[in-house]
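The structure appears right after this line, and notes come after that.
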Amino acid sequence: MIPAAFEYHRPSDMSGVLAILQEHGDDARVMAGGHSLIPMMKLRMAEVPHLIDLQDVGGLSGIMVGDTITIGAMTTQADIIDNDALAAAAPIMREAALQIADPQVRYMGTVGGNVANGDPGNDMPGLMQCLDASFTVVGPDGERSIPARDFYEAAYMTAREDDEVLTAVSFAKPAGGYAYEKQKRKIGDYATAAAAVQIVKDGGTCVSAAIAMTNLSDTPVYSQAASAALVGTSVDEAAVKAAVAAMLGDIDPVEDNRGPVAFKRHVAGVILARAIERAWSRA
Amino acid sequence: MSDKKHYKLTVNGQAVDVLAEPRELLIYTLREQLNITGPHIGCETSHCGACTVTIDGKSVKSCTMFVAQADGKDITTIEGLGSPDGLHPLQEAFKEHHGLQCGYCTPGMITRASKLLEENPNPTEEEIRFGMAGNICRCTGYQNIVKSIKAAAAEMNAAKEAAE
Ligand SMILES: Cc1cc2nc3c(=O)[nH]c(=O)nc-3n(C[C@H](O)[C@H](O)[C@H](O)COP(=O)(O)OP(=O)(O)OC[C@H]3O[C@@H](n4cnc5c(N)ncnc54)[C@H](O)[C@@H]3O)c2cc1C
Ligand code: FES
Ligand code: FES
């Protein structure tokens, strides 16, 4: 498989990256780990006359854990799994990262690439919506921050402008119980359905919840209604059922090689119920 | 627009200079330019792991990296792990425990396993299966691959202890 020819750039700082993006416009694109982009280029579903490799750009990787958690765009999924401070502060990150792809892919695939890609199959976007993260992007007009819940417009369409580069994701240290539950056909497959859940418990009552679903629409789905269905309840069977019903009103899966719509809706319900139960047991 | 460029790689401890288009996939540089034919092409779509090499301490599918990305990097292939008269303990264990049948997946398997054992010298069966999940074998049913990796780990740990 031979991708279309391209000019390769490996700038050593962000101003170099932005200058190439300015100069070549739509013909230029950044590459992080390349494990979504290269397969697309090999299939000639993406053509990138000017490929900008971010690997030498300083300051884009690393994990900072405090009341706010910040993860640099070039931080790999393997880095996330290995980081004990992150696993202690936001254990859903490790739980989710372990369910992405396979070991080789996780050494290369980055958080920035995963969330910027805009592929509904990617696991991090839903996870970031569950955590109410925001994405920092930098462009010719400087830096701005975009909430993950407003970032995704349609498949491969996001609120990031073509001349902007994502530099980090950040979110408040999550409280309460968590679960990332994913149904896939085999290791290395994208989700048939996946659910990210965070729940806070006070006494025996759920005081807040956040629920986001993956690969069940052309964007990740943060389900406000499903989250609301749990709040004020003891997360009993009736509440879980109500949350699942609310979630099913928000997703819009399409038939593909992972199954027909009815099957996907069924799996989404099973996966969300499991995720809620596990998150509640950990709350 | 996509002229050939010189790239400097270190492959199995040797510095090499290759002339290639940036879009050339690393697996082709290794196999066709450098005649390093241990890493195989199984799927060419990032799924099977037959092309696995170690790059700067990471297990990487070399069909999913452009040669330009590898410029300046340190690459180890199966050829760098052992030799016909000095097999790596993993190679010895795969031979002893029937860890291969056709052998097509084996270079990728062993290269990946070498990294796994470096990170986790004493893995459980579950950890081996999870850590090897990026490598597909259509022959063995995996049981003997797991057994081989366990045996190699024991051998390597014993050798380390003896050396201390
Ligand atoms: C076999 C296989 C299985 C996989 N399974 C899963 C899975 O189960 N779940 C999952 O979530 N993913 C999966 N992936 C995808 C993998 O996690 C990718 O690595 C990840 O989606 C993209 O990260 P990357 O660093 O490789 O990005 P790249 O491929 O380098 O980039 C992806 C896109 O994002 C853009 N981009 C990258 N970085 C930035 C940035 N900093 N700013 C702006 N734009 C940027 C690029 O221009 C490109 O359009 C799989 C991949 C493979 C090959
Ligand atoms: S040939 Fe590279 S993963 Fe199959
Ligand atoms: S031994 Fe034949 S593919 Fe593994």
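Values reported hereafter were calculated over all heavy atoms of this structure, with side chains retained and with hydrogens, waters and symmetry mates removed. Throughout, a chain's letter reflects where its sequence line sits, starting with A, and its residues are numbered from 1.
- Using a 4.0 Å cut-off between charged nitrogen and carboxylate oxygen, A:Asp84 and A:Arg94 count as a salt-bridge pair.
- Residue contact with chain A, scored on non-hydrogen atoms closer than 4.5 Å, involves the backbone and the side chain of B:Thr64 alike.
- Of the listed residues (A:Gly188, A:Gly34, A:Pro3), the greatest number of heavy-atom pairs within a distance under 4.5 Å of chain B belongs to A:Pro3.
- The greatest number of non-hydrogen atom pairs below 4.5 Å with chain B, out of A:Asp56, A:Ile187, A:Leu43, is found for A:Ile187.
- Residue A:Leu98 touches chain B through both its backbone and its side chain, counting heavy-atom pairs closer than 4.5 Å.
- Looking at B:Tyr28, the atoms closer than 4.5 Å to chain A (heavy atoms on both sides) all sit in the side chain, from C-beta outward.
- A salt bridge links A:Asp189 to A:Arg258: one of the charged nitrogens lies within less than 4.0 Å of a carboxylate oxygen.
- Under the side chain to side chain contact (heavy atoms under 4.5 Å, CB included) test applied with B:Met65, the options B:Leu25, B:Ile55, B:Ile75 reduce to a single match, B:Ile55.
- Between A:Gln22 and A:Pro140 there is a side-chain heavy-atom pair separated by less than 4.5 Å.
- In terms of non-hydrogen atom pairs under 4.5 Å with chain A, the most contact-rich of B:Ala68, B:Gly131, B:Ser46 is B:Ala68.
- Heavy atoms closer than 4.5 Å to chain A are found in the side chain of B:Glu119, but not in its backbone.
- Heavy atoms closer than 4.5 Å to chain B are found nowhere in A:Ala78, neither backbone nor side chain.
- With a 4.5 Å cut-off on non-hydrogen atoms, A:Met108 touches chain B through its side chain but not through its backbone.
- Taking the six-membered ring where the residue is Trp, A:His24 and A:His9 present tilted rings, their angle falling between 30° and 60°.
- We find that B:Arg129 and B:Glu125 are joined by a salt bridge, their nearest charged nitrogen and carboxylate oxygen being less than 4.0 Å apart.
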*Given the rule in the side chain to side chain donor-acceptor pair (under 3.5 Å) test, do A:Ser36 and A:Asn117 qualify, once you have shown the distances and angles that lead to the verdict?*
CA-CA 8 Å; A:Ser36 288; A:Asn117 197 25; 3.3 Å; yes
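- Between A:Glu277 and A:Arg274 there is no salt bridge, since no side-chain nitrogen of the basic residue lies less than 4.0 Å from a carboxylate oxygen of the acidic one.
- Per-residue heavy-atom pair counts under 4.5 Å with chain A were compared for B:Ala133, B:Gly57, B:Ser59, B:Cys63, and the maximum is reached by B:Ser59.
- The most heavy-atom pairs under 4.5 Å with chain A, out of B:Arg112, B:Lys115, B:Met132, come from B:Arg112.
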